[in-house]
Undergrad: 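So that we are looking at the same thing, I have put the structure below in structure tokens.
Within every chain, numbering begins at 1; the chains are lettered A, B, ... in the order of the sequence lines, protein sequences first and strands thereafter.
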2 protein chains.
Amino acid sequence: MPQAASRQRRDLSLDEIIDRAAVILRDEGEQALTMRRIATECGVTPMAIYHHVTDKETLTGLVMDRLIDAALVPRSVGDWRTDMIEFASRYRRVFIDNPGAGRLYVRQPVIGPGTARAVEEVFRILATAGFPPAVIGRAADAIVLLIMGSLVNDLTRPANIRDQLIDVIPRSETPHMKRSLKTFSHRDPEQRFRDAVAWLLDGLEHALIQERS
Amino acid sequence: MPQAASRQRRDLSLDEIIDRAAVILRDEGEQALTMRRIATECGVTPMAIYHHVTDKETLTGLVMDRLIDAALVPRSVGDWRTDMIEFASRYRRVFIDNPGAGRLYVRQPVIGPGTARAVEEVFRILATAGFPPAVIGRAADAIVLLIMGSLVNDLTRPANIRDQLIDVIPRSETPHMKRSLKTFSHRDPEQRFRDAVAWLLDGLEHALIQERS
DNA sequence: ACCTGAACACCGTTCAAGT
DNA sequence: ACCTGAACACCGTTCAAGT
């Protein structure tokens, strides 16, 4: 039988804090994730949290790096283009499936083991494709731009909000809008993302081929 | 000589509110932009603002759409690739030069005349390139992803924070990191963005050429 | 070292009232 | 219609103190 709880519980760990915070974020979203709420969930006073972490941003950073790490699965086995598209889609989906975490992710930097392993994996895929190291860094950055942009678009812009664009100025000013707006606004977000990544990889591959010939 | 101010000033307009808010945001950043501060700058009580606008988010939306509209210049005259890269860079720079506005922009949707004209311009450039309407919407979306991603990266991630990635896990786990991290972390942000857009356009152009043959 | 209690310095917004 | 005054229901965090 475990010892009765002492007057002051001394068993609160950083790990437990991160876990409790992650649950709140996943189940109730970002505005539910307050220091006071995390403390309550840990059965402790708000200021107890500050003994394990310097401020809220570093705590949320730890939560998000852990989410990334948990989503990394053993490397896949297709060709490098497929591997990259699948990896980027999986990374994106971590935050699409956890919108609270996603909205936090585009607001603050995240550095940790999960992030490092994710970046290493992108580097590895590009290396197997045959890109020289000088290009790999820039190419990886371009992939990151698409992931971040996709999160912003899909987490902060409601699905069909772009339909409103046709009505805010006279249609005579927007001759091209009428023809192209539908494919701009109505489309599966995941597929839009995969299209963009595919085009980017096409451009990269094209540059690689030209350099070799 | 103008009339003396009445006891209750009734000359506060939405336009003035937007202007004052824009100045605060540009000069002092996002955390200075509070409803109370805007009210003070307008010489009015906080609640007076709510008579002209329903909430803070719609107000900041109006500010940002106006920033976009002001940055749109007469269409350029190069080939479509150059036009697109220049347009995207200029759009991005609006928010890079105004970081407070930029950080708000990746948090909330913005719909208005400025946004509509910007989207129309992207459609126009892609149309002159010869893309069919069904592709134009998807291509425009891909461009938007890069712009949004670039804003997130350059406004929320400090320049060289990626250097820390090498130290968070044992180097034996990251064989590719050592070779490629430098080009991933040290690089002119604007140039990185232009590279990414150029690769994307390469991929798009390639698809267009293949379709025609 | 680990935690509590009270307070500070803010927020956006509602509500009721004035003219 | 346009604005004021007071208050509500919160925040993250500092500071001093307890054990």
Undergrad: Return each pair, listed once, that meets ring-ring contact (aromatic ring centres under 6.0 Å, His included) where at least one residue sits in residues 96-119 of chain B; pairs must be two or more places apart or across chains.
TA: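 Listed by first then second residue: B:F95-B:Y105.
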Undergrad: What is the per-nucleotide protein-contact pattern of nucleotides 8-17 of chain D, from the 5' end, where B denotes a base atom under 4.0 Å from a protein heavy atom, S denotes such proximity for sugar-phosphate atoms only, and - denotes neither?
TA: ---BBBBB--
Undergrad: Please confirm whether the shortest side-chain N or O distance from B:H52 to OP1 or OP2 of D:dC3 is below 4.0 Å.
TA: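 For B:H52, the contact criterion (side-chain N or O under 4.0 Å from OP1 or OP2 of D:dC3) is met.
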Undergrad: Will you find, in the side chains of B:T60 and B:Q108, an N or O donor that is under 3.5 Å from an N or O acceptor?
TA: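 B:T60 vs B:Q108: donor-acceptor pair found between side chains.
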Undergrad: Using salt bridge (Lys or Arg N to Asp or Glu O under 4.0 Å) as the criterion, point out the one residue from B:R93, B:R192, B:R103 that pairs with B:D154.
TA: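 In the set B:R93, B:R192, B:R103, the residue that makes a salt bridge (Lys or Arg N to Asp or Glu O under 4.0 Å) with B:D154 is B:R192.
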Undergrad: Is it the case that the side chain of A:D65 and the backbone of A:T115 share a donor-acceptor pair, with hydrogens and angles ignored and the cut-off at 3.5 Å?
TA: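 Checking the backbone N and O of A:T115 against the side chain of A:D65, a donor-acceptor pair under 3.5 Å is found.
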Undergrad: Rounding to an integer number of Å, can you tell me how far A:L14 CG sits from C:dC3 P?
TA: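 That distance rounds to 12 Å.
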Undergrad: Mark yes or no: B:R92 above the aromatic ring of B:F193, with NZ or CZ under 6.0 Å from the six-membered ring centre and no more than 45 degrees from the axis.
TA: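 Because its charged atom sits under 6.0 Å from the ring centre and within 45° of the axis, B:R92 does stack over B:F193.
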Undergrad: Any side-chain N or O of B:H51 less than 4.0 Å from the OP1 or OP2 oxygen of D:dT4?
TA: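 For B:H51, the contact criterion (side-chain N or O under 4.0 Å from OP1 or OP2 of D:dT4) is not met.
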Undergrad: Given the rule in the salt bridge (charged side-chain N to carboxylate O under 4.0 Å, His left out) test, do B:R162 and A:D141 qualify, once you have shown the distances and angles that lead to the verdict?
TA: CA-CA 11 Å; B:R162 286 170 171 173; A:D141 189 73; 2.6 Å; yes
Undergrad: Can you give me the dot-bracket string for DNA chain C, 5' to 3', counting Watson-Crick and G-U wobble pairs with both distances under 3.5 Å, using [ ] for crossing pairs and | for partners on another strand?
TA: ||.|||||...|||||.||
Undergrad: What integer number of Å spans the P atoms of D:dA9 and C:dA9?
TA: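 Those two atoms are separated by 23 Å.
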Undergrad: Does the gap between the ring centers of A:F131 and A:W80 come in under 6.0 Å?
TA: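 A:F131 vs A:W80: aromatic centres under 6.0 Å.
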Undergrad: Counting only heavy atoms not in A:K56 (residues, nucleotides, ligands), do more than 12 fall under 6.0 Å from its NZ?
TA: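 Yes, NZ of A:K56 has more than 12 neighbouring heavy atoms, counting only those of other groups under 6.0 Å.
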